[in-house]
> 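Pasting a structure below so you can have a look.
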Protein chains: 2
Amino acid sequence: MTTQQAITLAERMLRGEVFSEKCPSREILKHVTNRWGGLVLVALLQGMHRFSDLRRKLSGVSEKMLAQTLQTLEQDGFILRVSYPVVPPHVEYSLTPLGEELAKQLELLVDWIEINLPRILEAKKSGVASEYDE
Amino acid sequence: MTTQQAITLAERMLRGEVFSEKCPSREILKHVTNRWGGLVLVALLQGMHRFSDLRRKLSGVSEKMLAQTLQTLEQDGFILRVSYPVVPPHVEYSLTPLGEELAKQLELLVDWIEINLPRILEAKKSGVASEYDE
DNA sequence: CATAATACTTACCTTTTTGTACGTACTTAC
DNA sequence: GTAAGTACGTACAAAAAGGTAAGTATTATG
């Protein structure tokens with residue numbers, strides 16, 4: 001109990017305020033962890049992409065969602081959007097230095113999941129109920 | 001174009017199939033990146049917690065959502081739930097070895113965001129529109 | 001004897017997120 | 001002349017996620 005309290009205080013110093021509702025980091029975390037945000041960032045680690053390149057690469061995105069995702073990520077300063085006023089339209093998306101750092105963290109997470117998928121799927125099977133009495 | 005194609009193929013080998021809709025990793029990623037999943041995992045890095053410890057720590061969770069989150073994470077094999085049949089109820093939640101690895105990746109991500117929040121908020125301000133003609 | 005605490009579940013409702021289908025403006029290919 | 005490709009915007013609809021309030025059983029506390 002006292003221990004628990006002490007840990008809580010220690011965390012406040014170590015890790016800022018993600019645990020509290022009003023911290024702006026929650027907002028960023030949301031942009032990055034919604035359905036398409038993370039995928040877009042990781043995809044852009046491979047270099048510049050045009051809108052429809054991304055659309056084809058991320059199987060399942062609608063144009064609307066892709067556009068929306070790109071916009072919020074651009075506003076967050078993670079993505080650079082360069083549009084050439086030619087016809088047909090030509091727009092290039094790439095990561096900013098900030099975005100690249102973020103994307104690398106995300107890649108680690110995604111890679112971990114993919115690499116450990118066999119272990120995860122295996123662990124899933126076992127429906128062991130654990131009820132102990134003391 | 002040919003380059004683009006080649007990169008796409010290389011990625012398939014490097015990174016599995018997150019980009020494709022039907023990959024089970026998308027599902028796991030979802031559990032981990034929804035509103036409470038990630039926070040719970042990171043919180044549990046500090047050690048065992050009881051239900052209401054978590055409730056108090058994650059400001060803003062409802063009991064329903066916390067219970068639900070804990071259940072899916074338990075089913076994924078990331079969380080261990082041990083319940084003692086005493087009254088009042090006593091249930092302990094902790095990370096499995098698998099969950100701990102995952103949580104550490106998540107912590108890195110969350111920490112990056114928190115540490116770089118000043119840079120992010122600063123980058124956000126500048127509403128620079130970039131339209132170039134060639 | 002009413003209240004609080006524990007760890008939930010359930011029914012119901014609201015908010016958020018995501019998707020669908022279409023339109024735009026212009027050009028190239030068939 | 002019709003279709004396709006480009007990078008979106010917009011109205012509307014569907015789906016998913018999240019929240020609220022109440023209930024459950026039992027004990028301890030005032």
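In what follows, chains carry the letters A, B, and so on, assigned in the order in which the sequence lines appear, proteins first and then strands, with residues in each chain numbered from 1. As the structure is a computational prediction, the values presented were derived from the model and not from experiment.
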> Could you tell me how far apart B:W36 (CH2) and D:dA17 (C1') are, to the nearest whole angstrom?
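In whole Å, D:dA17 C1' and B:W36 CH2 are 12 Å from each other.
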> Take atom CZ of B:R55 and atom C1' of C:dA7, then tell me their distance rounded to the nearest Å.
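Checked: the CZ to C1' distance equals 11 Å.
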> May I ask you to evaluate whether A:R50 reaches the phosphate of D:dT6, defined as a side-chain N or O under 4.0 Å from OP1 or OP2?
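Checking D:dT6 against A:R50, no side-chain N or O comes under 4.0 Å of OP1 or OP2.
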> Without decimals, in angstroms, what is the distance between A:Y84 OH and C:dA25 P?
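Checked: the OH to P distance equals 25 Å.
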> Give a yes or no on whether a salt bridge exists between B:E27 and A:K124, defined as a side-chain N under 4.0 angstrom from a carboxylate O.
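No, B:E27 and A:K124 are not salt-bridged.
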> Starting the side chain at C-beta, find the nucleotide from D:dA7, D:dT27, D:dT6 nearest to A:R56.
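Among the listed nucleotides, the one closest to the side chain of A:R56 is D:dT6.
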> Rounding to a whole Å, what distance do you find between B:D53:CG and C:dT6:P?
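My rounded result for the distance is 9 Å.
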> Using the closest heavy atom to pick a nucleotide of DNA chain C for each, name whichever of B:E92 or A:S62 lands nearer the 5' end.
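Final value for this comparison: B:E92.
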> Mind telling me whether B:F51 and B:Y93 have parallel, tilted or perpendicular rings, with 30° and 60° as the class edges?
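Geometry flag for B:F51 against B:Y93: tilted rings.
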> Could you please name the option among D:dT26, C:dC8, D:dT6 that lies closest to any side-chain atom of B:V87?
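Closest nucleotide to the B:V87 side chain: D:dT26.
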> Checking A:D111 side chain against A:L108 main chain: does a donor-acceptor pair fall under 3.5 Å?
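Pair absent, no side-chain N/O of A:D111 close to backbone of A:L108.
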> Checking the side chain of A:T33 only, and the main-chain atoms of B:T33 only, is there a donor and an acceptor separated by less than 3.5 Å?
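Indeed, once roles are kept as given, a pair shorter than 3.5 Å links the two residues.
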> Select base, sugar-phosphate, or nothing to describe what A:S52 touches, counting heavy atoms under 4.0 Å on all strands.
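A:S52: backbone/sugar contact only, no base atoms under 4.0 Å.
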> Within this structure, what is the CG-to-P distance between B:L70 and C:dA7, rounded to whole angstrom?
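Computing the B:L70:CG to C:dA7:P distance gives 11 Å.
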> Which listed nucleotide (C:dC8, D:dA17, D:dC12) is nearest to the side chain of A:K64?
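Closest nucleotide among those given: D:dC12.
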> Whole angstrom is fine here: how far is it from CG in B:L54 over to C1' in C:dA5?
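Answer to the nearest Å: 17 Å.
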> With side chains defined as the heavy atoms from C-beta onward, is the minimum distance between B:I79 and B:L41 less than 4.5 Å?
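Answer yes - side chains close enough.
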> Partner lookup for C:dC30, please. Criteria are Watson-Crick or G-U wobble with both distances under 3.5 angstrom; report none if nothing qualifies.
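Its partner is D:dG1.
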> Over how many whole Å does the gap from B:Q68 atom CD to C:dT9 atom P extend?
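After rounding, the gap between these two atoms is 10 Å.
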> Counting only side-chain nitrogens and oxygens, does B:K30 get under 4.0 Å of the OP1 or OP2 atom of D:dA16?
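B:K30 to D:dA16 OP1/OP2: no side-chain N or O under 4.0 Å.
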> Where the side chain of A:R35 is defined as all heavy atoms beyond and including C-beta, which of C:dT9, C:dG19, C:dA7 is the nearest nucleotide?
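Of the options given, the side chain of A:R35 lies nearest C:dG19.
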> Can you measure A:M65 atom CE to C:dT16 atom C1' for me and round it to whole angstrom units?
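It is 10 Å, rounded to the nearest whole Å.
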